[in-house]
There are 2 protein chains.
Amino acid sequence: MTGNSRFAVSVHILAYLAFRQGSAVPSAEIASSVDTNPVVIRRLLSALVKTRLVNAQKGATGGFSLAVPASDITLLHIYRAVEPQPAHGMNRFAPNHKCPVGAKIESILHGVFVKAQAGMEHELSQVTLAQVHEQLHSVCPGKKK
Amino acid sequence: MTGNSRFAVSVHILAYLAFRQGSAVPSAEIASSVDTNPVVIRRLLSALVKTRLVNAQKGATGGFSLAVPASDITLLHIYRAVEPQPAHGMNRFAPNHKCPVGAKIESILHGVFVKAQAGMEHELSQVTLAQVHEQLHSVCPGKKK
DNA sequence: CAATTAGTAACATTGTCGGTTACATAAACC
DNA sequence: GGTTTATGTAACCGACAATGTTACTAATTG
């Protein structure tokens with residue numbers, strides 16, 4: 001979608017916070033689940049705190065927790081919080097404006113990207129963190145019997 | 001969308017071929033319109049030739065031309081021809097499978113990405129190269145009077 | 001005061017993308 | 001046939017982005 005994995009890791013983080021419910025979870029514990037460095041986790045959580053999806057508490061016994069019910073958080077909220085301006089796949093695209101095609105293609109492509117982005121974001125808006133949380137619990141393979 | 005500009009440049013290329021109709025257009029001329037190196041253009045055209053959207057002809061008087069009417073080419077065709085496997089924003093995402101969340105989040109996220117991708121691709125499938133070509137001709141600013 | 005944790009800056013490492021050079025192959029034209 | 005023009009690709013370089021890592025400060029608990 002964007003080349004990076006910020007969104008994927010962020011959903012993982014929030015799913016983990018939903019999993020651990022009301023308790024304050026330190027970044028090191030989340031980092032262990034994601035298998036990365038705690039600073040990477042804190043960087044992403046910094047953006048999620050700014051958009052008020054997550055509470056942060058410093059000090060011993062501190063950590064992160066959901067600031068909003070999981071059913072109120074859609075994946076689009078997470079996407080927007082964590083993903084920088086779409087940049088719309090036109091980063092290094094600067095056609096020659098002296099050519100009649102180059103002069104107009106940029107704005108045409110911009111319109112296309114806006115529509116494509118909207119199509120994608122609509123799908124993300126249809127999935128809540130609570131649904132992701134449910135899927136985590138259902139069908140635990142090997143935990144039957 | 002993908003971080004790179006392969007798709008944007010490819011649409012530009014095909015719009016240029018539509019603009020220049022039946023004639024064989026050399027990569028150097030297209031490169032001038034896109035303002036890049038001819039090899040970059042040929043690399044992308046190589047993929048478009050493989051999917052039979054474009055004809056290539058070597059030698060003097062050679063060049064590239066559309067192999068199919070512009071009205072039969074959707075932006076999704078172009079996207080698929082030119083963009084490698086979506087990789088779905090999970091490139092460097094390898095959570096810890098020993099954790100109950102890490103063990104299941106991957107497949108859940110995969111499902112999310114498939115839906116998001118489908119939403120985006122649907123929008124691309126609704127736009128044809130012929131429509132882009134039309135927009136190139138309409139409303140030439142400063143060409144009135 | 002000691003321990004724990006968020007917050008953040010700074011730097012290293014890695015991978016991808018685009019640009020460039022170089023050369024082989026093929027076709028047109030004199 | 002030889003010259004010119006063009007595609008087809010490999011190989012390499014430099015720029016940039018993303019992630020990982022270290023190191024430090026600030027806040028909070030007990």
Side-chain angles (χ1 to χ4, degrees), chain A residues 1-10 12-13 17 20 23-32 34-51 54-65 67 82-96, chain B residues 1-10 12-13 17 20 23-32 34-51 54-65 67 82-96:
Chain A
M1 201 139 49
T2 40
N4 63 36
S5 58
R6 276 200 282 268
F7 175 66
V9 173
S10 298
H12 185 151
I13 290 171
L17 293 184
R20 295 277 271 90
S23 23
V25 184
S27 61
E29 178 179 335
I30 307 174
S32 159
V34 177
D35 194 29
T36 184
N37 192 291
V39 175
V40 175
I41 301 297
R42 289 203 292 268
R43 275 204 284 245
L44 291 169
L45 275 162
S46 172
L48 295 165
V49 167
K50 281 186 186 110
T51 56
V54 169
N55 288 320
Q57 198 183 356
K58 285 188 176 179
T61 79
F64 299 91
S65 56
V82 143
E83 205 64 50
Q85 26 86 343
H88 282 343
M90 297 176 61
N91 278 327
R92 312 174 212 190
F93 182 66
N96 180 357
Chain B
M1 202 142 48
T2 40
N4 63 35
S5 58
R6 277 201 280 268
F7 174 66
V9 173
S10 297
H12 185 152
I13 291 171
L17 293 183
R20 295 277 270 93
S23 22
V25 183
S27 60
E29 179 178 337
I30 306 173
S32 159
V34 177
D35 193 30
T36 185
N37 193 292
V39 175
V40 173
I41 301 297
R42 289 203 293 268
R43 276 204 284 245
L44 290 169
L45 274 161
S46 172
L48 295 165
V49 167
K50 281 187 186 108
T51 56
V54 168
N55 287 320
Q57 197 184 356
K58 285 189 177 179
T61 79
F64 299 91
S65 55
V82 143
E83 206 64 49
Q85 27 87 343
H88 281 345
M90 297 177 60
N91 278 327
R92 312 173 212 188
F93 182 65
N96 179 357

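A note on names: the letters A, B, ... follow the listed sequences, proteins ahead of strands, and every chain is numbered from 1.
- As a whole-Å value, the separation of R42(B) CZ from dA24(C) C1' is 12 Å.
- In this structure, V82(A) and T51(A) have side chains that are not in contact, with every pair of non-hydrogen atoms separated by 4.5 Å or more.
- Side-chain contact annotation: S46(A) with R43(A), donor-acceptor N/O pair under 3.5 Å absent.
- To the nearest angstrom, P of dG19(C) lies 10 Å from CG of L44(B).
- In the set dA3(C), dA26(D), dT19(D), dA26(D) carries the atom at the smallest distance from any side-chain atom of K58(A).
- A close approach under 4.0 Å does occur between a side-chain nitrogen or oxygen of S5(A) and OP1 or OP2 of dT19(D).
- Atom pair F93(B):CZ and dG15(C):P shows a separation of 19 Å (rounding to whole Å applied).
- Which of dG19(C), dT29(D), dT5(C) sits closest to the side chain of P26(A) comes down to dT5(C).
- We find that CG of N55(B) is positioned 16 Å from C1' of dG8(D), with the value rounded to whole Å.
- No side-chain heavy atom of V9(B) sits less than 4.5 Å from a side-chain heavy atom of T36(B).
- In this model, a side-chain donor or acceptor of R43(B) finds a partner on the base of dG19(C) within 3.5 Å.
- For R6(A) and dA18(D), the CZ to C1' distance is 7 Å, given to the nearest whole Å.
- A side-chain donor from one of R42(A) and S27(A) sits under 3.5 Å from a side-chain acceptor of the other.
- For dA6(C), the OP1/OP2 oxygens have a side-chain nitrogen or oxygen of S27(A) closer than 4.0 Å.
- Between the side chain of N96(B) and the backbone N or O of V34(A) there is no donor-acceptor pair closer than 3.5 Å.
- Side-chain N/O atoms of R92(A) and base N/O atoms of dG18(C) include no donor-acceptor pair closer than 3.5 Å.
- Atom P of nucleotide dG7(C) and atom CG of L45(A) are separated by 8 Å, given to the nearest angstrom.
- Minimum heavy-atom separation, T61(A) to A24(A): O-CB, 3.9 Å.
- Taking for each of T61(B) and T36(B) the nucleotide of DNA chain C with the nearest heavy atom, the 5'-most of the two is the partner of T36(B).
- Nucleic acid contact class of V34(A) (heavy atoms, under 4.0 Å, all strands): none.
- For the pair V25(B) and G59(A), both in contact range of DNA chain D, the more 5′-proximal nearest nucleotide belongs to V25(B).
- Listed candidates were dT9(D), dA6(C), dA28(C). Nearest to the side chain of F64(A) is dA6(C).
- As a whole-Å value, the separation of L48(A) CG from dA6(C) P is 14 Å.
- I41(A) has its CD1 atom 11 Å from the C1' atom of dT19(D), to the nearest Å.
- Checked against dA6(C), dT22(D), dT20(C), the side chain of N37(A) finds its nearest nucleotide in dT22(D).
- When the nucleotides dG7(C), dT29(D), dG20(D) are ranked by their closest atom to the side chain of A56(A), dG7(C) comes out on top.
- Distances shown here put a side-chain N or O of Q57(A) below 4.0 Å from the OP1 or OP2 atom of dT29(D).
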